[in-house]
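Sequence lines set the chain letters: A, B, ... in the order given, protein chains first and strands last, and positions in each chain run from 1.
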2 protein chains.
Amino acid sequence: MTPFTPQSISDNLRRLPLFSGIPPQELVPLLPGVREFKVRAHELLFQKGDTLRGIHMLVSGQVKLFMTTPQGTEKLFTMVKPGHAFGEAVVFLDRPCPVSAEATQDSTFLIVAKDALLTMMDRNPAFARQMLASLSMRLHELMSDMETCTLMNSLQRVVSYLSHQLPESEDPACEIRLDTSKQMLASRLNLAPETFSRALHHLAEGGVIEVSGRTIRVLDTQRLKTFQA
Amino acid sequence: MTPFTPQSISDNLRRLPLFSGIPPQELVPLLPGVREFKVRAHELLFQKGDTLRGIHMLVSGQVKLFMTTPQGTEKLFTMVKPGHAFGEAVVFLDRPCPVSAEATQDSTFLIVAKDALLTMMDRNPAFARQMLASLSMRLHELMSDMETCTLMNSLQRVVSYLSHQLPESEDPACEIRLDTSKQMLASRLNLAPETFSRALHHLAEGGVIEVSGRTIRVLDTQRLKTFQA
DNA sequence: GGATTTTCTTGATTTCGGTCAAGGTTTTTA
DNA sequence: TAAAAACCTTGACCGAAATCAAGAAAATCC
């Protein structure tokens, strides 16, 4: 994990949704508290139990947040996409981190130091609101995941996941490109890889989707959403 | 659900953890945006899908947050205790509420209007931090629940729940008073009531606890935490 | 305080999804 | 581009927990 020259930092910061609403000159006092890092795929950013220096913002690449079970297997929580923050909740609570983070692709990310962040919030109420909104969003996503994992059976979970990946368009057919391996997706949906595979097979047999590698062609979005047994 | 005269509101507000760090005079501008309500047990405060006017703060009583499954059964998310807020995330996102709320006892709660809250945050950075911390806390609890529900089997879930209910003291033995019916607890732990009952029975047979109604006597906290099979 | 309803327990049975095993495919690496 | 590794699929089997059923205990209501 290698820190970087501060040159590009300002640019990267400005492009992140969390900071995009803030006038550039107001970001200046934040800069001394920001570090840029580059990591290779499979590098660990931090581990469950670590204390984080600040919030992390993914600029490019992909990072997975996961827990390790007592039996040594991994349970995936989230795939972080570029532009998104992670580790916010930890920073505001001064608690050890509940998850581990590992790059799944070569990635660039920023760490915004806790102090810098707090001063920024004090000076800039709009930014504080933005932080709140971001955390709230996270909370909603988690609720939704909780709902999926506890209220639905395996097939419904897969259908639910696919439905959420559909683009906004009204098109009855479209293509979804899975952004991770199927075993990771399975873990995220709290399924054994075998079960995930069988669910996709089942949907394909039902004529709702076509699977080829990581590309899933949805033939009828309406039927997908209401698919039973 | 009956709104109340503004007399007691100020007192109640001051007693809540979220506002306790704020000097009383700074709470004054907030007051016009606060309403007090009283509800009877079994009354519904709001439903999944509703838009909330502001954050809710429970002053006294007990409120459950739950979802209704497609099959018509209820899945309990949280039991809100006096002093705690709910509905924060919804307010900061302007989204329909993902859960329903129902009083399980006669209760008093406050609604702090969104606008009042935002102005308060703008004027008072310390309060903004407090909100952030509160939301972060919620996020951590949810993560922890997620962990319990997805990584543990039925017995471990019950053990985990009981362990979290233990008082801080070093006493090897102590008593836990369940704050809801066992079927609700089962729902919260994502178990069938029968399975929950059997888990308690199992622990009792193992000599770790004694159950009598809603009172659970833990005989050896250390053994409880490490209880297997 | 007895009747009625709700909640809890216990046993028998079923089922969904996990595990194990083996073969096929794709990707990585040298 | 061949070899190795990782990933995915499919079938057979198993097991944890849900469901079904029925009775016991507790709470609620006239």
Side-chain angles (χ1 to χ4, degrees), chain A residues 40-42 62 64 69-76 102 104-106 148-161 177-205 209-216 228-229, chain B residues 40-42 64 69-76 102 104-106 148-161 177-205 209-216 227-229:
Chain A
R40 294 325 220 41
H42 308 299
Q62 196 184 51
K64 68 171 174 188
T69 68
Q71 302 91 47
T73 60
E74 276 183 15
K75 154 72 183 154
L76 179 67
E102 185 186 303
T104 53
Q105 302 172 5
D106 295 357
T148 316
C149 279
T150 61
L151 265 38
M152 296 178 174
N153 65 24
S154 61
L155 183 63
Q156 292 171 325
R157 296 222 277 280
V158 175
V159 166
S160 163
Y161 178 80
R177 178 84 195 156
L178 305 180
D179 56 6
T180 48
S181 67
K182 289 180 186 171
Q183 49 185 349
M184 277 203 197
L185 271 182
S187 163
R188 179 155 188 286
L189 296 172
N190 217 32
L191 297 173
E194 293 92 333
T195 308
F196 182 69
S197 179
R198 283 188 255 262
L200 284 184
H201 184 85
H202 194 101
L203 287 171
E205 260 189 346
I209 62 171
E210 283 167 11
V211 183
S212 101
R214 283 195 186 175
T215 304
I216 292 179
Q228 299 299 341
Chain B
R40 293 324 220 43
H42 308 297
K64 69 172 174 187
T69 67
Q71 302 91 46
T73 61
E74 275 183 16
K75 153 74 183 154
L76 180 65
E102 185 185 303
T104 53
Q105 301 172 5
D106 294 358
T148 315
C149 280
T150 60
L151 265 40
M152 296 177 174
N153 65 25
S154 62
L155 184 63
Q156 293 171 324
R157 296 220 277 281
V158 175
V159 166
S160 162
Y161 178 81
R177 178 85 194 153
L178 304 181
D179 57 5
T180 48
S181 67
K182 290 180 185 169
Q183 47 186 352
M184 276 204 197
L185 271 182
S187 163
R188 175 148 195 285
L189 296 172
N190 218 31
L191 298 173
E194 293 93 332
T195 308
F196 182 70
S197 179
R198 283 187 255 263
L200 284 183
H201 184 84
H202 193 101
L203 288 170
E205 259 188 347
I209 63 171
E210 282 168 11
V211 182
S212 104
R214 283 194 187 176
T215 304
I216 292 179
F227 193 85
Q228 297 300 344

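- At the phosphate of D/dA17, neither OP1 nor OP2 sits under 4.0 Å from any side-chain N or O atom of B/Thr195.
- Panel note: side chain B/Lys182, backbone B/Arg214; no donor-acceptor pair is recorded below 3.5 Å.
- In this structure, the nucleotide among D/dA16, D/dT10, D/dA18 sitting nearest to the side chain of B/Asn153 is D/dA16.
- Taking side-chain N and O atoms only, A/His201 has no distance below 4.0 Å to OP1 or OP2 of D/dT9.
- A donor-acceptor pair is defined here as one N or O able to donate and one able to accept, closer than 3.5 Å; such a pair exists between the side chain of A/Asp106 and the backbone of A/Ala41.
- Note: A/Thr148 OG1 to A/Tyr161 OH = 11.5 Å, rounded to the nearest 0.5 Å.
- Annotation: the span from A/Leu76 atom CG to A/Thr104 atom OG1 amounts to 9.0 Å, rounded to 0.5 Å.
- D/dC14 atom P lies 16 Å from atom CD of A/Glu194, rounded to whole Å.
- Taking atom CG on B/Asn190 and atom C1' on D/dA16, their separation rounds to 14 Å, with Å as the unit.
- One can place CG of A/Leu200 at 7 Å from P of D/dT9, the figure rounded to the nearest angstrom.
- Atom pair B/Lys75:NZ and D/dA18:P shows a separation of 11 Å (rounding to whole Å applied).
- Interface residues of residues 181-189 of chain A facing DNA chain D, ordered by number: A/Ser181, A/Lys182, A/Gln183; criterion, heavy-atom separation under 4.0 Å.
- Look at CE on A/Met152: it is 18 Å from C1' on D/dA18, rounded to the nearest Å.
- Distance NE2 (A/His202) to P (D/dG11): 14 Å, rounded to an integer number of Å.
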Carefully, step by step, assess A/Thr180 and A/Arg188 under the rule side chain to side chain contact (heavy atoms under 4.5 Å, CB included).
CA-CA 10 Å; A/Thr180 48; A/Arg188 179 155 188 286; over 6 Å; no
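- Between B/Arg214 atom CZ and D/dA26 atom P the separation is 13 Å, expressed in whole Å.
- From A/Ile209, atom CD1 reaches atom CD1 of A/Ile216 across 5.0 Å, with rounding to the nearest 0.5 Å.
- For D/dA16, neither phosphate oxygen OP1 nor OP2 lies less than 4.0 angstrom from any side-chain nitrogen or oxygen of B/Ser154.
- Atom CG of A/Leu178 is separated from atom P of D/dT9 by 10 Å (rounded to the nearest Å).
- Here the straight-line distance linking atom SG of A/Cys149 with atom CG of A/Leu191 works out to 7.5 Å at 0.5 Å rounding.
- Rounding to the nearest 0.5 angstrom, the gap separating the OG1 atom in A/Thr215 from the CD atom in A/Glu210 is 11.5 Å.
- Where DNA chain C meets chain B (any atom under 4.0 Å from a heavy atom), the bounding nucleotides read 5' to 3' are C/dT7 to C/dA12.
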